[in-house]
Enquirer: 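Just dropping this structure here.
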Amino acid sequence: MKRPGAVPWLFVVPAAALTLLILLVPSLVGAAYAFTDWDGLTSPSWVGLANFTEFFDDGSHVVGQTLILAGLYVVGVNAAGLGLALGLAHTLRTRHVLRALFLVPAVVSPLVVAYIWTFILDVDGPLNEILEAVGLGSSAQPWLGQRNTALAAVAIVMVWQFAGYHMLIYLAGLQGVQRELLEAAEVDGAGPWRRFADITLPLLRPALVIGTVLSTISAFLLFDQVMALTGGGPSGGTDTLGTYVYEQTFVNGRYGYGSAVALLLVGGVCLAALVQMRLLRGRRS
Amino acid sequence: MNRYGRWTAFREAGFWIAAIPMLLPVYLVLTTVLRGPEARGESALRPPGDPTLGNMERAWTEAGGGTVSFSQALVNSVLTTAAVVAILVVVAAPAGYALARRGSKLSGAVFGMFAFALIMPIQLGIIPLYGFMVDAGLTGTRAGLILVYAGLQMPLAVFLYTGFLRGLPTAYEEAARVDGARPLRVFAGVVFPLVRPVTGVVATLTGLFVWNDFFVALVFVGDTDKVTLPVAVYSFVGRFAAEWPLIFAAALIAAGPVVVLFGFAQRTIMKGFTSTLHG
Amino acid sequence: MTSIGLDHVVMRYDGTQAAVDDVSLEIEEGEFFVLVGPSGCGKSTLLRLLAGLERPSSGTVRMDGSDVTELTPRLRDVAMVFQNYAIYPHMTVGGNLGYGLKVRGVPKREAAARVREVADLLGLGDLLKRRPTTLSGGQLQRVAMGRAIARRPRAYLMDEPLSNLDAKLRVSMRAELEQLHRRLGVTTVYVTHDQVEAMTLGSRAAVLRAGELQQVAAPQELYARPANAFVAAFIGSPPMNFALATAREDGLDLAGFDLRLPAEHRPPVAAGERVLVGIRPEELRAPQAAGKDACALRVTCAVRQNLGADQLLFFPVPQLPYEAAVIARATFAEDRPAGPAVGSGERLLCARVPADVSVEPGDTVDLAVRPGALHYFAPDGGARLPSA
């Protein structure tokens, strides 16, 4: 479609070149390493699917933990974000201040946030101190230091940090819900709960899809927070795919194996994106 | 509807109670930082009896553990972030414009490439990329770090610009073209000013990513004097393990600028966000 | 069927001027009642008060004699048609028509039958499975109507339902609406800014300005005996001509024309005093069509607009000092769409005459006006003055 004065292709070249050079070509090379035993020193040799079979044998607990963490985080952060957005969309006098308050943690480095929470959740930290002060001293515990609470603690810290960001997504979504539609439903006889379930929620579907997919991806790729909060411990109990790849590649020097796991990670993320496309299309038809 | 009644006042109070967990960590950071060394053992929940800026001073001067001081890391963060945002805006806006306006199959394919890159995590390509950068002599340099960040964030920037421009009527550009302007002029004089909301969102999102990122900076400029603030905080924690007053002072130096900036630009940022995300 | 009443209803949003100011109204069973006025006059707020979407600051709303002021929309059982239709975009046409029935717990079987019936009534039968995004503006409008009808409510409330349609469709929908009302006989309150709709649709209409009721009457009465200069200027198209005239013993001095009037049509003010005179363009006729006691006016045509069957002739008249300001104040011109441009020193008045009168700009034209067609208003405030 050549029209006079059309936008020249040259406009795209720098962006495309940079993306290819920094992201896509290296990823392609990385994908090729996934089928080798490269250790960064000796020259790589082809091992077929050995890396993948090894991961399916050894790494299943990592997948399980990642899924648990993703589940907790995705449900928690979206429920919190949606609740905040619904409550702070209008009417409240201090809604702008409150929105800003809930959003502030999202602009701070996850690493810094995680360090702060390491302090709060420490055995001798303020949280246990508060619990003791209100007479719940028996439930004080090393939140990050034991298997059964560490994973949930990581999820809660992430929800704390990013609930405000998801609020923003849902606030944008709520702008697509015209006031007249809710009024029409009210005149049609729907009470507050029915209006929410029949009108608001279905119309928020695109925002829900975006929020769910974004939070799923960030849970899959999670690295900084786990490193700072638990370092993957106790005894691997909070290892997720993100930290596992890092440990295998950078700590153990197993580039081939790490690449294989990273490739699976990409596959998982693509799958999540595909699901998103399907859901969005379902809405459009 | 939406009238302010008793129930609304109740809701307002509820949200402020819900905001306490948001504020408490900030309070704890401040009390810990402001407490002098003589009051070490005190609970963080108690306000410091004799507030002091000593910890801030120590963190600012002693920091870095031999590699870099916090003042240097702050400069690094500012320079790196500003350069990356500038490159992204200058390169991604025209790309998004071309992709939004060219209806061919090729443009669809190129857009698909950016969309795919958008969900591509850095983990897979980072080792080969590190190899490339070593070969090019760019590891440990600020230019190299800027290039990597720009490449990593490019898909997001292009994606946002394209999406916004697709929804923007072409009448303005056509008017400029009828007036005889060439493509570059149309872009610089008409299109670019119109996409200001997206430019704000791109700058906010990518700027925050670069400012707050730990992993990429660790890999590419790890033990050099080019490290950004999160890496400086990280090595600081390594050196002063459990020295919370110092660590939190470092955290304040790293987080302070963005929080202050956010406080000032909060309304604009939110407006830009809702208009871009919604469109 | 339901009667609706409003008693001294005031609606005030936080400290601002009242959007609805002490309005009392009686709407009878089965009536088609129109609320008309310029934008911002409070007509939509009034409708929302009837629906229960707003609570009045003071005053009561009655339905069938009982106080419903505090009742939610659900309990009032009225249906509303919104200006932008407010069709639920995520439901099919059938889903939209049936939503109110579903919410109110009408058994599925019966609901389906009623949806079917309404769809057939409005010609939506083939569209029941379609999504709203695939419908045209006219079809959306029908769905909005159908949703109200399917509910079998006590009353229909319609908020400018035709304003988003193109001109041709609007005319045919207007006729259809009237037919529907005759067939269903349900009390209908209809809000519009379009005085043509007020004239053609309603059995009665209320004219509102700045939250206050100006006149409640049958359309013909609004046209023939407007209660004040605002109503006179608002109702009728092209709008009524106004001029500041001086009363004389035997008639009027109007913009330099000497009008002799029989006693019963003289202005109710003493000779030498000023009075605001209104003449509708269609009352400025060719002399032979005006009757024998008509007053003649010889004017020079400045602009001619052909409307097909009729033509509009605009002619300049001299203007008194402050005349434009007095007229603007008395007719609340700032509340109405702008009329023809007013030049300095003279103004354009308008006559509507049959197209077969052959006139070109620059021609001298003889016009005449019946003494009975003159409307008198107080220059100060614009209240209607009965002729002497």
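Order of the sequence lines sets the chain letters (A, B, ...), proteins ahead of strands, with each chain counted from 1.
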Enquirer: Below 30° counts as parallel, above 60° as perpendicular, anything between as tilted: where do the rings of B:Phe187 and A:Phe11 land?
Expert: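 Rings of B:Phe187 and A:Phe11: perpendicular, as their planes differ by over 60°.
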
Enquirer: With a 4.5 Å cut-off on side-chain heavy atoms, are B:Pro121 and A:Val266 touching?
Expert: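 When only atoms from C-beta onward are counted, B:Pro121 and A:Val266 do touch, with a gap below 4.5 Å.
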
Enquirer: Contact part of B:Ala157 toward chain A, heavy-atom cut-off under 4.5 Å: side chain, backbone, both or neither?
Expert: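 Interface part for B:Ala157: neither.
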
Enquirer: Between B:Leu23 and chain A, which part of the residue has a heavy atom less than 4.5 Å away: side chain, backbone, both or neither?
Expert: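 Contact with chain A is through the side chain of B:Leu23 alone.
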
Enquirer: I'd like to verify something: which residue of A:Leu221, A:Val12, A:Leu98, A:Leu23 has the highest number of heavy-atom pairs under 4.5 Å with chain B?
Expert: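 Top count of heavy-atom pairs under 4.5 Å with chain B: A:Leu98.
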
Enquirer: Which atoms of B:Phe116 are under 4.5 Å from chain A, going by heavy atoms: the side chain, the backbone, both sets, or neither?
Expert: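 Contact with chain A: side chain only.
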
Enquirer: Is it the case that more than 12 heavy atoms not belonging to A:Phe102 sit under 6.0 Å from its CZ atom?
Expert: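 Atom CZ in A:Phe102 is packed in, count exceeds 12.
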
Enquirer: Identify which part of B:Trp211 has an atom lying under 4.5 Å from any heavy atom of chain A, answering side chain, backbone, both or neither.
Expert: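 B:Trp211 has no heavy atom closer than 4.5 Å to chain A.
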
Enquirer: Between CD of A:Gln161 and OG of A:Ser218, what distance do you get to the nearest 0.5 Å?
Expert: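 If we round to the nearest 0.5 Å, A:Gln161:CD and A:Ser218:OG are 10.0 Å apart.
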
Enquirer: For B:Phe248, is it the side chain, the backbone, both, or neither that has a heavy atom closer than 4.5 Å to a heavy atom of chain A?
Expert: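 B:Phe248 touches chain A through side-chain heavy atoms alone.
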
Enquirer: Would you mind checking which part of B:Ile119 comes under 4.5 Å of any heavy atom in chain A, side chain (CB onward), backbone (N, CA, C, O), both or neither?
Expert: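 For B:Ile119, the contact with chain A is made by backbone and side chain together.
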
Enquirer: So which of B:Pro25, B:Ala255, B:Ala251, B:Pro230 has the largest heavy-atom pair count under 4.5 angstrom toward chain A?
Expert: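 Option with the greatest count: B:Pro25.
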
Enquirer: Quick check on A:Trp117 against chain B: is it the side chain, the backbone, both or neither that has a heavy atom closer than 4.5 Å?
Expert: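 The side chain, not the backbone.
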
Enquirer: Check each atom of A:Val13 against the heavy atoms of chain B and say whether the ones under 4.5 Å are side chain, backbone, both or neither.
Expert: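 Answer is neither: A:Val13 stays 4.5 Å or more from chain B.
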
Enquirer: Heavy-atom pairs under 4.5 Å with chain B are the metric here; pick the option from A:Asp224, A:Leu265, A:Val269 that has the most.
Expert: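 Greatest number of close heavy-atom pairs with chain B: A:Asp224.
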
Enquirer: Less than 4.5 Å to any heavy atom of chain B: does that hold for the side chain of A:Thr249, its backbone, both, or neither?
Expert: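 The answer is the side chain of A:Thr249.
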
Enquirer: I would like to know whether A:Leu214 and A:Ile169 meet side-chain contact (heavy atoms from CB on, under 4.5 Å); could you show each step before the answer?
Expert: CA-CA 10 Å; A:Leu214 281 183; A:Ile169 294 172; 3.9 Å; yes

Enquirer: Under a 4.5 Å heavy-atom cut-off, does chain B meet the side chain of A:Val107, its backbone, both or neither?
Expert: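 Backbone plus side chain of A:Val107, per the 4.5 Å heavy-atom cut-off to chain B.
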
Enquirer: If I measure from the heavy atoms of chain B, does A:Leu111 come under 4.5 Å with its side chain, its backbone, both, or neither?
Expert: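 The side chain, not the backbone.
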
Enquirer: Looking at B:Ile87, B:Leu147, B:Leu99, which makes the most heavy-atom pairs under 4.5 Å with chain A?
Expert: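 Highest number of pairs under 4.5 Å: B:Leu147.
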
Enquirer: So what's closer than 4.5 Å to chain A heavy atoms on B:Leu261: side chain, backbone, both or neither?
Expert: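 No part of B:Leu261 comes within 4.5 Å of chain A.
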
Enquirer: In terms of heavy-atom pairs under 4.5 Å, which option from A:Trp38, A:Tyr246, A:Tyr115 contacts chain B the most?
Expert: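 Option with the top pair count is A:Tyr115.
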
Enquirer: Rounded to the nearest 0.5 Å, how far apart are CG of B:Leu246 and OG1 of B:Thr32?
Expert: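 Going from CG on B:Leu246 over to OG1 on B:Thr32, the span is 11.5 Å.
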
Enquirer: Using heavy-atom distances under 4.5 Å, tell me whether B:Leu152 contacts chain A through its side chain, its backbone, both, or neither.
Expert: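 Both backbone and side chain of B:Leu152 come within 4.5 Å of chain A.
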
Enquirer: Within a 6.0 Å radius of atom OH on B:Tyr130, are there more than 12 heavy atoms belonging to other residues, nucleotides or ligands?
Expert: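 Not more than 12 within 6.0 Å, no.
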
Enquirer: Quick check on A:Ile217 against chain B: is it the side chain, the backbone, both or neither that has a heavy atom closer than 4.5 Å?
Expert: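 Side chain of A:Ile217 only, per the 4.5 Å heavy-atom cut-off to chain B.
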
Enquirer: Please assess A:Thr240 against A:Phe220 for the test side-chain contact (heavy atoms from CB on, under 4.5 Å), listing each intermediate value before the final yes or no.
Expert: CA-CA 8 Å; A:Thr240 60; A:Phe220 276 8; over 6 Å; no

Enquirer: Against chain A, label B:Ser107 side chain, backbone, both or neither, depending on which of its atoms sit under 4.5 Å from a heavy atom there.
Expert: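 Its backbone and side chain both get close to chain A.
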
Enquirer: Determine whether B:Tyr97 and B:Tyr161 satisfy the following criterion, side-chain contact (heavy atoms from CB on, under 4.5 Å), listing intermediate values before the conclusion.
Expert: CA-CA 7 Å; B:Tyr97 176 46; B:Tyr161 276 117; over 6 Å; no

Enquirer: Ion pair present between B:Glu173 and B:Arg101, side-chain N to carboxylate O less than 4.0 angstrom?
Expert: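 So B:Glu173 pairs with B:Arg101 through a salt bridge.
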
Enquirer: With a 4.5 angstrom heavy-atom cut-off, is it the side chain or the backbone of B:Val219 that approaches chain A, or both, or neither?
Expert: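 B:Val219 touches chain A through side-chain heavy atoms alone.
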
Enquirer: Who among A:Asp122, A:Val245, A:Leu10, A:Leu88 has the most heavy-atom pairs with chain B under 4.5 Å?
Expert: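 The candidate making the most pairs under 4.5 Å is A:Leu88.
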
Enquirer: With distance as the sole test, does B:Ser235 use its side chain to make a donor-acceptor pair with the main-chain N or O of B:Val231 at under 3.5 Å?
Expert: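 Yes; at least one donor-acceptor contact below 3.5 Å.
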
Enquirer: Taking side chain as everything from C-beta outward and backbone as N, CA, C, O, which of these in B:Ile126 sits under 4.5 Å from a heavy atom of chain A? Side chain, backbone, both or neither.
Expert: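 For B:Ile126, the side chain is the part near chain A, not the backbone.
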
Enquirer: I'd like to verify something: which residue of B:Val158, B:Ile247, B:Ile122, B:Asn212 has the highest number of heavy-atom pairs under 4.5 Å with chain A?
Expert: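 Winner by heavy-atom pair count: B:Asn212.
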
Enquirer: As an exercise, state the distance from CG of B:Leu24 to CD1 of A:Ile130, rounded to the nearest 0.5 Å.
Expert: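 Here the interatomic distance stands at 5.0 Å.
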
Enquirer: Less than 6.0 angstrom separating the ring centers of A:Tyr33 and A:Tyr255, yes or no?
Expert: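 Ring centres of A:Tyr255 and A:Tyr33 not closer than 6.0 Å.
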
Enquirer: Roughly how far, to the nearest 0.5 Å, is CG of A:Leu203 from CG of A:Leu174?
Expert: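 One gets 10.0 Å once the value is rounded to the nearest 0.5 Å.
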
Enquirer: Tell me, side chain or backbone of B:Ala19 under 4.5 Å from chain A's heavy atoms, or both, or neither?
Expert: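 Both backbone and side chain.
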
Enquirer: If we define contacts as heavy-atom pairs under 4.5 Å, which of A:Val112, A:Val29, A:Leu101 has the most with chain B?
Expert: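 Winner by heavy-atom pair count: A:Leu101.
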
Enquirer: Is it the backbone or the side chain of A:Leu20 that comes under 4.5 Å from a heavy atom of chain B, or both, or neither?
Expert: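 Contact with chain B is through the side chain of A:Leu20 alone.
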
Enquirer: Using the side-chain contact (heavy atoms from CB on, under 4.5 Å) rule, take A:Leu103 and B:Phe262 through it: C-alpha gap first, then chi angles, then the decisive distance, then the call.
Expert: CA-CA 10 Å; A:Leu103 190 54; B:Phe262 170 76; 3.7 Å; yes

Enquirer: When the ring planes of A:Tyr165 and A:Phe162 are compared, do they come out parallel, tilted or perpendicular, using 30° and 60° as the limits?
Expert: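 It falls in the perpendicular class, over 60°.
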
Enquirer: Tell me, for B:Leu229 versus chain A, whether the close heavy atoms (under 4.5 Å) come from the side chain, the backbone, both or neither.
Expert: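 Neither the backbone nor the side chain of B:Leu229 comes within 4.5 Å of chain A.
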
Enquirer: Out of B:Leu218, B:Val233, B:Val148, which one racks up the most heavy-atom pairs below 4.5 Å with chain A?
Expert: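 Greatest number of close heavy-atom pairs with chain A: B:Val148.
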
Enquirer: I need the residue from A:Gly83, A:Ser109, A:Gly30, A:Pro14 with the largest number of non-hydrogen atom pairs under 4.5 Å to chain B.
Expert: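 Result: the option with the highest number of such pairs is A:Ser109.
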
Enquirer: By a 4.5 Å heavy-atom criterion (distance strictly below it), what part of B:Phe214 contacts chain A: side chain, backbone, both, or neither?
Expert: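 Answer is both: backbone and side chain atoms of B:Phe214 are under 4.5 Å from chain A.
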
Enquirer: Quick one: are B:Phe192 and B:Val90 in side-chain contact, heavy atoms under 4.5 Å?
Expert: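 Of all side-chain heavy-atom pairs linking B:Val90 with B:Phe192, none is under 4.5 Å.
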
Enquirer: With a 4.0 Å cut-off on N to O distance, would you call A:Arg179 and A:Glu183 a salt bridge?
Expert: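 A:Glu183 and A:Arg179: salt-bridged.
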
